[in-house]
Amino acid sequence: MSFDYINALLKKPVSRTPIWVMRQAGRYLPEYRATRKKAGDFLTLCKSPDMACEVTLQPIERFDLDAAILFSDILTIPDAMDLGLYFTEGEGPKFSKPIRRLADIDGLVKPDIGSELSYVTDAVSLIKKSLNGRVPLIGFTGSPWTLATYMVEGGSSKNFSKVKGLMYENPSHMHKLLDKLADTIIDYLNGQIEAGVDSVMVFDTWGGLLNKDSYEDYSLRYMEKIVKGVNRHHDGKIIPITLFTKGGGMWLEQIALSGCDAIGLDWTVELGDAQTRVGDKVALQGNLDPCVLYASRDTIREEVKKILSQYSDNTGHVFNLGHGISPDVNPERMKDLVDSVHEFSTKQ
Ligand code: CP3
């Protein structure tokens with residue numbers, strides 16, 4: 001198995017800078033679109049371990065990636081909490097039973113990972129078998145705050161008025177919801193670890209829309225609880241944990257104190273500055289602007305060189321985009337990205 005990805009997260013020696021890409025299994029790949037069509041809809045794809053395994057491996061077959069990421073979604077937890085998740089074409093996720101008042105929060109039942117979410121752990125076991133040690137497998141979850149935004153808003157949102165309204169008006173209700181989510185997430189990640197994932201990542205997609213105090217109180221605090229609650233030793237191995245707050249570049253020092261192994265960065269932070277700010281505490285993942293993939297091969301290679309040159313240690317950097325790859329990217333440009341990261345970072 002190529003260990004560069006895990007070694008970089010743990011700041012152990014690597015042969016070259018490892019790379020994986022958020023949403024690497026997705027609509028920009030024709031083979032993904034074919035499997036998705038066969039499944040009929042996105043949730044059916046997530047809930048079928050066979051097909052989830054198939055699409056997880058598609059980018060691994062096509063590109064020289066250093067890690068696979070479980071094909072699933074962050075909204076599996078609210079779905080298992082019976083909020084009536086559905087996806088409408090072009091509009092993203094929606095909930096028919098959103099969370100609006102204390103009674104809704106009190107009524108939320110913590111799902112049993114071994115039954116309601118067994119399709120996820122079954123997919124992990126199957127993927128591990130199919131990967132056969134080629135590359136490590138990343139498990140993941142949404143952060144409590146990010147899950148709460150979808151649950152309270154009832155889907156995606158422009159201004160997050162309902163979830164922020166609840167936070168300002170009824171802090172104790174919000175904390176109750178976030179605490180329930182954190183407990184469920186700990187079980188969920190431990191289930192994924194038990195089933196075989198080699199690292200875990202927390203997607204805090206919407207933490208960046210909070211101010212500093214509320215980020216600490218409503219997002220970071222619950223991610224810290226998760227870091228403490230996750231079984232980071234399994235089967236004789238360390239399971240590294242990465243926290244990714246999109247738009248969280250202002251708070252890297254605080255995130256670095258959470259106990260996580262690595263911080264995911266979006267493209268708005270300069271990687272070298274980020275490294276200076278966090279010091280030796282954590283590894284860094286990121287952070288090419290996903291839109292660079294709309295440029296030519298030569299431009300992609302130049303932008304990759306720039307990012308690699310900003311990071312000054314031999315290890316501790318996992319290359320990634322600063323957010324997910326877009327559905328209309330040409331897969332050839334993804335190949336240019338992956339190959340150039342390896343070409344320019346191979347250690348002599
Ligand atoms: O990275 C990977 O390859 C693993 C798979 C993965 C998906 N979603 C697949 C997916 C991961 C890690 C996620 C996480 C996720 N899901 C996040 C956090 C990451 C981020 O983008 O910040 C969020 C916010 C979600 C919720 C969600 N799921 C949204 C907003 C959407 C987009 C809806 C749309 O139509 O664009 C999804 C759907 C989704 N999740 C797709 C994929 C490949 C597209 C579904 C399709 O095939 O139509």
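Remember, it's 1-based here, ligands and their atoms both numbered in the order they're listed.
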Full working for side chain to side chain contact (heavy atoms under 4.5 Å, CB included) between Arg301 and Asp336: CA-CA 7 Å; Arg301 289 168 65 81; Asp336 295 335; 5.6 Å; no
Check: Ser258/Glu224 side-chain N/O donor and acceptor closer than 3.5 Å: no
Sequence neighbours excluded, every pair satisfying side-chain hydrogen bond (donor to acceptor under 3.5 Å, both in side chains) that has a member inside residues 118-127: none
Heavy-atom check, side chain of Tyr150 versus side chain of Leu83, under 4.5 Å: no
More than 12 heavy atoms of other groups within 6.0 Å of Asn330 CG: yes
Pairs under 3.5 Å, nitrogen or oxygen of ligand 1 with protein nitrogen or oxygen:
| unit_1 | atom_1 | unit_2 | atom_2 | d |
| --- | --- | --- | --- | --- |
| ligand 1 | 1 (O) | Arg23 | N | 2.6 |
| ligand 1 | 3 (O) | Gln24 | N | 3.2 |
| ligand 1 | 3 (O) | Ala25 | N | 3.2 |
| ligand 1 | 8 (N) | Arg23 | NE | 3.3 |
| ligand 1 | 8 (N) | Asp73 | OD1 | 3.2 |
| ligand 1 | 16 (N) | Asp73 | OD1 | 3.0 |
| ligand 1 | 16 (N) | Asp73 | OD2 | 3.4 |
| ligand 1 | 21 (O) | His323 | NE2 | 3.1 |
| ligand 1 | 22 (O) | Thr205 | OG1 | 2.7 |
| ligand 1 | 22 (O) | His323 | NE2 | 2.6 |
| ligand 1 | 28 (N) | Asp73 | OD1 | 2.7 |
| ligand 1 | 35 (O) | Arg27 | NH1 | 3.4 |
| ligand 1 | 36 (O) | Arg27 | NH2 | 2.8 |
| ligand 1 | 40 (N) | Asp73 | OD1 | 2.9 |
| ligand 1 | 47 (O) | Tyr32 | OH | 2.5 |
| ligand 1 | 47 (O) | Arg36 | NE | 2.7 |
| ligand 1 | 48 (O) | Arg36 | NE | 3.1 |
| ligand 1 | 48 (O) | Arg36 | NH2 | 2.8 |

Heavy atoms of other groups near Asp280 CG, more than 12 under 6.0 Å: no
